[in-house]
Structure formats: structure tokens, C-alpha cells
J.: 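Sharing a structure here in C-alpha cells format.
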Amino acid sequence: MILNQKVIITFLSLTLSSIPLKAGVIRGTIFDKTTKEPLIGATVRVQSSQTGTSTDIDGCYSLNIKDGIHNITVSYIGYA
């Protein structure tokens, strides 16, 4: 009986610790300022982390992030 309780408590502890305390989503669209055309395949990254994504065919992206203040960078081959 005590062993079963330890297993259940351990399972619950691991499950609860894997749930982020606060998280959010950043969504947006990347487009050329002059032509207003969407930039397909632009890289969108959260600085100082491994979190990043690429824009879709409409230039849209979505990033899941932890709560806090973040700097986002966008890069696209051929653009300065």
C-alpha cells in the first residue's frame, strides 16, 4: 500500500512539474514593407533561446513562449 502511494505521488509530481506555470503565444505576419507581399519561409526566433519557427505561405507564424519579456528577431535571406 505504501509503495502504491509513493508511485502515485511521484507520478503526480512529475506530471505537474511538466506543466508550464505561465505560457503564451506570439502570432504575427511578416511582409515586405514596400510591396506588402508575405515573406514565405522567414525565420522568426526568440533571442537567447532555441525557440523559433518559419513563416508559412501567407507569411504567418506562431511561437509558444514562456511568460516574460522577450526579444524577437526575424531573418530572411536577401533582406537586410
Side-chain angles (χ1 to χ4, degrees):
M1 180 90 175
I2 292 175
L3 181 59
N4 286 339
Q5 289 174 343
K6 287 183 181 179
V7 170
I8 290 172
I9 290 171
T10 302
F11 176 74
L12 288 175
S13 297
L14 292 174
T15 302
L16 293 176
S17 66
S18 66
I19 298 172
L21 294 176
K22 287 188 178 180
V25 177
I26 295 176
R27 290 185 180 97
T29 304
I30 308 298
F31 57 91
D32 182 283
K33 183 178 179 179
T34 305
T35 66
K36 307 296 186 220
E37 293 288 323
L39 295 181
I40 302 166
T43 302
V44 183
R45 290 186 32 108
V46 178
Q47 288 181 354
S48 303
S49 83
Q50 298 297 319
T51 304
T53 190
S54 296
T55 57
D56 64 12
I57 195 165
D58 298 317
C60 298
Y61 69 92
S62 177
L63 280 170
N64 295 319
I65 60 165
K66 294 180 182 175
D67 191 28
I69 297 172
H70 303 281
N71 291 317
I72 305 297
T73 59
V74 177
S75 60
Y76 193 76
I77 295 176
Y79 278 76

J.: List the atom of Ser62, the atom of Thr53, and the distance in Å for their closest heavy-atom pair.
T.: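 It is O-CG2, 3.8 Å.
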J.: Distance-only, no hydrogens or angles: does the Thr55 side chain make a donor-acceptor pair with backbone N or O of Leu39 under 3.5 Å?
T.: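 Here the side-chain-to-backbone pair exists.
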J.: Considering non-hydrogen atoms only, spot the tightest contact between His70 and Lys66 and give its length.
T.: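 It is NE2-O, 2.7 Å.
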J.: Quick check for you: to the nearest 0.5 Å, what is the distance between Asn71 atom CG and Ser48 atom OG?
T.: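 Rounded to the nearest 0.5 Å, the CG-OG separation comes to 7.5 Å.
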J.: Work out which heavy atom in Thr35 is nearest to a heavy atom in Asp32; give both atom names and the distance.
T.: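 Where Thr35 meets Asp32 most closely, the heavy atoms are N-OD1, 2.8 Å.
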J.: Which of these passes side-chain contact (heavy atoms from CB on, under 4.5 Å) with Thr51: Ile72, Ile26, Leu63?
T.: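 That would be Leu63; it is the only one of Ile72, Ile26, Leu63 passing the side-chain contact (heavy atoms from CB on, under 4.5 Å) with Thr51.
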J.: State yes or no: do Phe31 and Tyr76 share one hydrophobic cluster built from I, L, V, M, F, W and Y residues joined by side-chain heavy-atom distances below 4.5 Å, directly or via other members?
T.: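 No.
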J.: So which atom in Gly59 and which in Pro38 form the shortest heavy-atom distance, rounded to 0.1 Å?
T.: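 Nearest pair, atom of Gly59 first, then Pro38: N-CB, 3.7 Å.
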J.: Run the numbers on Val25 and Ile65 for side chain to side chain contact (heavy atoms under 4.5 Å, CB included), then give the verdict.
T.: CA-CA 6 Å; Val25 177; Ile65 60 165; over 6 Å; no
J.: Looking only at non-hydrogen atoms, find the nearest pair between Val44 and Ile30 and report the distance.
T.: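 Answer, listing the atom of Val44 first, then Ile30: CG2-CG1, 4.3 Å.
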